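Here is the structure we will look at, set down as structure tokens.
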Amino acid sequence: MTETFADELRQATWGDHEAAEHTAYLEALMSGKVSRAGYAEMVAQHYFAYVALEAAGRALADDPVAGPFVRTELERVPALERDLETLYGPAWREEITPSKPTLTYVARINQVADWPGGFIAHHYTRYLGDLSGGQVIRKVAERTYEFDDEGGVGFYRFPAVPDLKAFKVEYRDQLNALDLDDVQRKRIVRETLLAYQLNTEVLVEIGKRLPEYLVA
Ligand code: HEM
């Protein structure tokens with residue numbers, strides 16, 4: 001049986017997934033050892049990336065290739081804004097700054113925003129991750145920071161996606177339905193690897209402040 005594109009994408013990037021998952025920052029977060037301020041810093045960096053990603057998505061909404069991936073039920077910016085207000089207070093916009101790796105990541109998202117395959121690479125890396133490992137992060141964050149319903153982990157909640165598993169199956173079907181030749185497939189795989197690298201660099205940068213963020 002020939003390998004589907006979704007399988008190819010997962011297999012080609014899983015090693016890089018491991019690298020992202022096992023950054024010192026995420027390991028500490030998953031052990032409940034990161035302070036609320038340390039968690040807030042990741043939410044802030046997410047915010048800048050998703051503003052870029054979702055603006056790119058809106059611009060591609062009518063594109064025959066990328067358009068079907070742009071789904072309002074995935075939109076994260078409104079939830080991120082609420083989470084940031086919970087974490088930083090009403091003046092959150094003045095409290096947060098994109099790190100250098102986040103600026104690089106945003107620049108890359110913008111650079112490929114007119115290439116549907118490149119957009120899909122970045123879309124896949126973030127949203128399929130949020131629907132997968134993001135759900136594990138949500139459980140740990142809920143336990144660690146005891147957020148109420150006002151926000152904090154809204155980024156990881158997808159109230160408009162009632163069945164995450166079914167949604168992911170559909171998403172992979174959509175990837176497999178893309179009409180791609182070998183060269184196009186390879187380009188998207190490469191862009192996805194870059195998306196992982198850029199995400200990892202964002203996490204490594206946050207991790208530099210771990211001594212400040214670690215709680216006993
Ligand atoms: C604590 C951190 C993380 C954990 C525990 C985790 C865990 C997982 C697990 C268990 C899956 C498989 C789900 C399934 O087969 O349905 C998955 C998939 C995925 N994760 Fe993560 N992950 C983490 C961090 C990340 C990060 C930082 C990214 C990207 C920036 C990411 C991107 C993805 C993607 C794109 C998939 C889908 C792979 C595919 O099936 O094609 N994950 N993750």
Side-chain angles (χ1 to χ4, degrees), residues 3-34 38-39 41-54 56-57 69 71 74 76 80 98-99 101-102 104-106 108-109 112 117-145 153 155-156 158 161-178 180 185 188-207 210 213:
E3 194 184 41
T4 66
F5 182 52
D7 288 340
E8 180 182 344
L9 201 50
R10 187 209 295 239
Q11 267 165 36
T13 58
W14 199 249
D16 291 63
H17 178 278
E18 296 291 286
E21 183 179 343
H22 297 297
T23 48
Y25 172 78
L26 277 185
E27 294 224 314
L29 187 80
M30 297 308 280
S31 322
K33 289 185 189 148
V34 169
Y39 171 74
E41 177 61 16
M42 179 177 70
V43 179
Q45 299 309 317
H46 280 153
Y47 172 73
F48 297 107
Y50 280 81
V51 165
L53 193 55
E54 292 181 1
F69 287 86
R71 308 261 298 251
L74 290 179
R76 299 291 83 201
L80 282 165
S99 67
T102 292
T104 306
Y105 181 25
V106 165
R108 184 63 189 175
I109 291 169
V112 299
F119 170 76
I120 291 168
H122 287 275
H123 191 277
Y124 159 83
T125 307
R126 282 306 331 177
Y127 296 105
L128 218 54
D130 299 333
L131 295 166
S132 308
Q135 299 309 302
V136 191
I137 299 177
R138 174 176 60 80
K139 288 198 190 93
V140 175
E142 278 169 349
R143 205 168 51 229
T144 310
Y145 310 111
V153 286
F155 170 72
Y156 295 109
F158 289 87
V161 183
D163 183 343
L164 297 190
K165 202 165 172 239
F167 191 95
K168 287 195 285 180
V169 169
E170 200 187 304
Y171 192 100
R172 289 200 182 94
D173 288 345
Q174 255 180 299
L175 287 172
N176 293 334
L178 290 169
L180 303 168
R185 274 181 172 222
I188 296 176
V189 169
R190 266 208 311 275
E191 189 65 29
T192 306
L193 288 166
L194 179 57
Y196 268 111
Q197 184 190 329
L198 294 168
N199 271 279
T200 303
E201 286 170 2
V202 170
L203 293 168
V204 167
E205 186 68 24
I206 304 174
L210 257 187
Y213 293 146

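Remember, predicted model here, so these are calculated numbers, not experimental data. First listed ligand is number 1; within each ligand, the first listed atom is number 1. Below, each value reflects all heavy atoms present in this structure, side chains not excepted, and no hydrogens, waters or symmetry copies.
Using a 4.0 Å cut-off between charged side-chain N and carboxylate O, Lys33 and Glu27 make no salt bridge. The pair Glu3-Arg185 does not count as a salt bridge, with every side-chain nitrogen at least 4.0 angstrom from each carboxylate oxygen.
The parts of Tyr124 lying near ligand 1 are both backbone and side chain, judged by heavy-atom distances below 4.0 Å.
Here Tyr171 and His123 bring their ring centres to under 6.0 angstrom of each other.
Residue contact check: Met30 has heavy atoms under 4.0 Å from atoms 1 (C) of ligand 1. Close contacts of ligand 1 with Arg126, meaning ligand atoms under 4.0 Å from a residue heavy atom, involve 30 (C).
Panel note: side chain Tyr25, backbone Gly38; a donor-acceptor pair is recorded below 3.5 Å.
Here atom 8 (C) of ligand 1 lies nearest to Gly133 when heavy atoms of Gly133, Ala6, Ala195, Ala19 are compared.
Heavy-atom distances between Thr125 and ligand 1 reach below 4.0 Å in at least one pair. Taking 4.0 Å as the cut-off, Glu27 does not count as a neighbour of ligand 1 on heavy-atom distance. Distances from ligand 1 to the non-hydrogen atoms of Trp14 include at least one value under 4.0 Å. Heavy atoms of Lys165 come nearer than 4.0 angstrom to ligand 1 in no pair at all.
When distances from atom 21 (Fe) of ligand 1 to the N, O or S atoms of His17 are compared, NE2 comes out shortest.
The protein non-hydrogen atom at the shortest distance from atom 16 (O) of ligand 1 is Lys168 NZ, 2.8 Å.
Side-chain contact, Gln45 with Glu41: a donor N or O sits under 3.5 Å from an acceptor N or O. Side-chain N/O atoms of Thr13 and Asp16 include no donor and acceptor closer than 3.5 Å.
Note: no N/O pair closer than 3.5 Å links Asn199 and ligand 1 by distance alone.
Classification of the His46-Phe155 ring pair by plane angle, with boundaries at 30° and 60°, yields parallel.
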Intermediate values then yes/no, side-chain contact (heavy atoms from CB on, under 4.5 Å), Val161 and Tyr127: CA-CA 12 Å; Val161 183; Tyr127 296 105; over 6 Å; no

